[in-house]
There are 2 protein chains.
Amino acid sequence: VIQLEDIWKTYQTGEVSLTALKGIDLTIRRGEFAAIMGPSGSGKSTLMNVIGCLDQKDQGNYLLNGRSISELSANELAKIRNEEIGFVFQSFNLLSKLNLRENVELPMVYAGIGRKARTERAMAALDAVGLADWARHKPNEVSGGQKQRAAIARAIALKPALIMADEPTGNLDSKSSHEIMQLFATLNEEGTTILLITHEADVAAYARRIIRFGDGRIVDDPMKRGA
Amino acid sequence: VIQLEDIWKTYQTGEVSLTALKGIDLTIRRGEFAAIMGPSGSGKSTLMNVIGCLDQKDQGNYLLNGRSISELSANELAKIRNEEIGFVFQSFNLLSKLNLRENVELPMVYAGIGRKARTERAMAALDAVGLADWARHKPNEVSGGQKQRAAIARAIALKPALIMADEPTGNLDSKSSHEIMQLFATLNEEGTTILLITHEADVAAYARRIIRFGDGRIVDDPMKRGA
Ligand SMILES: Nc1ncnc2c1ncn2[C@@H]1O[C@H](COP(=O)(O)OP(=O)(O)OP(=O)(O)O)[C@@H](O)[C@H]1O
Ligand SMILES: Nc1ncnc2c1ncn2[C@@H]1O[C@H](COP(=O)(O)OP(=O)(O)OP(=O)(O)O)[C@@H](O)[C@H]1O
Ligand SMILES: [Mg+2]
Ligand SMILES: [Mg+2]
């Protein structure tokens with residue numbers, strides 16, 4: 001369960017400061033399937049980075065499974081980031097010197113999982129996204145959509161409790177997009193919490209809750225409308 | 001005018017060989033606005049790289065403005081790549097050490113354009129994609145959709161005769177996507193030839209011709225149907 005209360009974040013670039021998150025209140029319950037939509041530059045990825053413990057908020061409370069993340073040690077945070085949350089980055093973030101299988105295995109290496117188990121899970125994840133035959137290719141030897149699918153495979157291989165996917169179908173044709181969304185729907189039925197950012201309405205349609213973002217704020221949230 | 005006759009290309013990865021283009025016949029006339037659609041991994045970016053002289057075909061003829069590109073010197077090829085063709089890459093390819101304005105100016109630096117003219121044109125291009133206020137930000141200090149728009153600005157700043165855009169709206173919300181497509185439509189009215197790869201049907205709708213790709217071949221081309 002994710003609980004954000006009055007979250008603010010400002011970026012400083014030279015003398016320019018830009019407030020990317022302006023008082024975000026958001027609750028995500030276990031097993032939810034939510035999509036975040038909003039204009040380019042409105043703060044969606046920034047919000048994901050704060051939730052995923054990849055970047056720090058300036059102000060406000062963030063409770064993860066009931067515990068304030070400011071109480072967690074650096075080790076506890078790292079463990080959560082790596083084992084509890086599977087992250088599909090908007091720009092994939094694959095390592096160019098490793099092949100696709102090694103890239104998919106990376107979070108499992110950090111989690112201390114043994115080599116045989118890692119390879120089995122990595123190949124299963126690559127197979128789930130249609131990339132089993134490209135396991136030994138490097139990122140610069142595969143297509144844009146294949147890189148995107150490899151990033152998805154890496155996020156799901158460890159079977160994390162929460163998957164955060166930032167524009168996971170931006171480089172995929174509609175058939176591949178639906179295959180990926182079917183995969184997320186199946187994981188969600190098995191109990192995985194899914195939070196995704198997308199600008200495509202038919203991708204957002206797989207979610208049960210669509211949260212709309214605008215200029216650093218949540219401008220619509222079905223869970224908040226009656227309030 | 002682009003004329004491709006029986007173009008073949010195979011990638012070798014270790015002992016694995018994959019034929020990405022299997023006998024492509026394609027003609028693009030001056031002033032055309034064409035879109036290429038097809039599944040992930042079907043060879044679209046590979047085709048763009050061959051047309052843009054960024055990668056070599058293994059077999060077949062490629063005539064650019066009536067001249068076979070195998071007759072062109074390395075210098076002539078470089079000049080065409082840099083000044084005649086504006087390329088929006090699927091993975092943007094912005095340089096992380098330069099700010100957005102410097103990134104947009106880069107093709108103009110190679111073309112020998114003076115500093116004052118470059119800066120004017122770069123700021124006009126950034127303004128056209130809504131990024132004038134981010135000119136001094138570096139790529140890692142802007143959002144995914146902003147990076148994509150900076151890559152588009154760089155492709156149009158030199159006013160090239162041909163623009164090739166590989167998934168130019170993959171990271172953009174629908175409002176920004178339509179603004180970018182309006183921009184391309186305007187450039188096309190002014191005489192620029194536009195060839196874009198997209199998997200989004202409402203982006204392809206701006207083109208006058210939709211070429212469908214599948215497994216390394218053209219599987220539908222309105223210009224070829226009567227034949
Ligand atoms: N440098 C390379 N070395 C080996 N194989 C490659 C290389 N680049 C691409 N491929 C393979 O060639 C095929 C076509 O790739 P290409 O990038 O042209 O596809 P695409 O149609 O652009 O796909 P997408 O829609 O996913 O971007 C894919 O199967 C890919 O794995
Ligand atoms: N590291 C940074 N330094 C300075 N400003 C930043 C940084 N990262 C993002 N920004 C700015 O913060 C704002 C929000 O960025 P964010 O990446 O969260 O947007 P987004 O909603 O994900 O956009 P997109 O849909 O284009 O991916 C943007 O205006 C962006 O320029
Ligand atoms: Mg983003
Ligand atoms: Mg591609």
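Computed over heavy atoms, backbone and side chain alike; hydrogens, waters and symmetry mates excluded. So you know, we letter chains A, B, ... as the sequences are listed, proteins then strands, and number each from 1.
Annotation for B/Gln56: atom CD does not count as buried by contact number, only 12 or fewer foreign heavy atoms lying within 6.0 Å.
Put simply, the residue from B/Val50, B/Thr46, B/Leu47 that forms a side-chain contact (heavy atoms from CB on, under 4.5 Å) with B/Ile24 is B/Leu47.
In this structure, B/Glu32 does not pair ionically with B/Arg208, as no charged nitrogen and carboxylate oxygen lie closer than 4.0 Å.
Contact of A/Ser143 with chain B is made through the side chain alone, with heavy-atom distances under 4.5 Å. Of the two parts of A/Ser176, only the side chain, counted from C-beta on, holds a non-hydrogen atom closer than 4.5 Å to a non-hydrogen atom of chain B. A/Thr13 touches chain B through its side chain: at least one heavy atom from C-beta onward sits under 4.5 Å away, while N, CA, C and O do not. Contact annotation for B/Glu200: only side-chain heavy atoms (C-beta onward) come within less than 4.5 Å of a heavy atom of chain A. Residue contact with chain A, scored on non-hydrogen atoms closer than 4.5 Å, is absent for B/Ile197.
Although no hydrogens or angles enter the test, the distance criterion places a donor-acceptor pair under 3.5 Å between the side chain of B/Asp25 and the main chain of B/Asp6. Of the possible donor and acceptor atoms, one in the side chain of B/Lys44 sits under 3.5 Å from a partner among the backbone N and O of B/Gly38. One N or O on the side chain of B/Asn103 and one on the backbone of B/Leu98 form a donor-acceptor pair closer than 3.5 Å.
When B/Ala20, B/Ser40, B/Gly145 are compared by the number of non-hydrogen pairs under 4.5 Å with chain A, B/Ser40 comes out ahead. For the set B/Arg136, B/Lys138, B/His137, the entry with the most heavy-atom pairs within less than 4.5 Å of chain A is B/His137. Of the residues considered (A/Arg149, A/Glu141, A/Gln146, A/Lys175), A/Arg149 shows the highest number of contacts with chain B, using heavy-atom pairs under 4.5 Å.
Between the side chains of B/Thr27 and B/Gln3, no donor N or O sits under 3.5 Å from an acceptor N or O. B/Thr10 and B/Thr19 share a donor-acceptor pair across their side chains, judged by distance under 3.5 Å alone. Side-chain atoms of A/Asn188 and A/Thr186 form no donor-acceptor pair, as typed in the model, at a separation below 3.5 Å.
Listed in order of number, the residues of residues 166-174 of chain A that approach chain B to under 4.5 Å between heavy atoms are A/Glu167, A/Thr169, A/Gly170, A/Asn171, A/Leu172, A/Asp173.
In this structure the side chain of A/Leu4 reaches within 4.5 angstrom of the side chain of A/Ile51, judged on heavy atoms.
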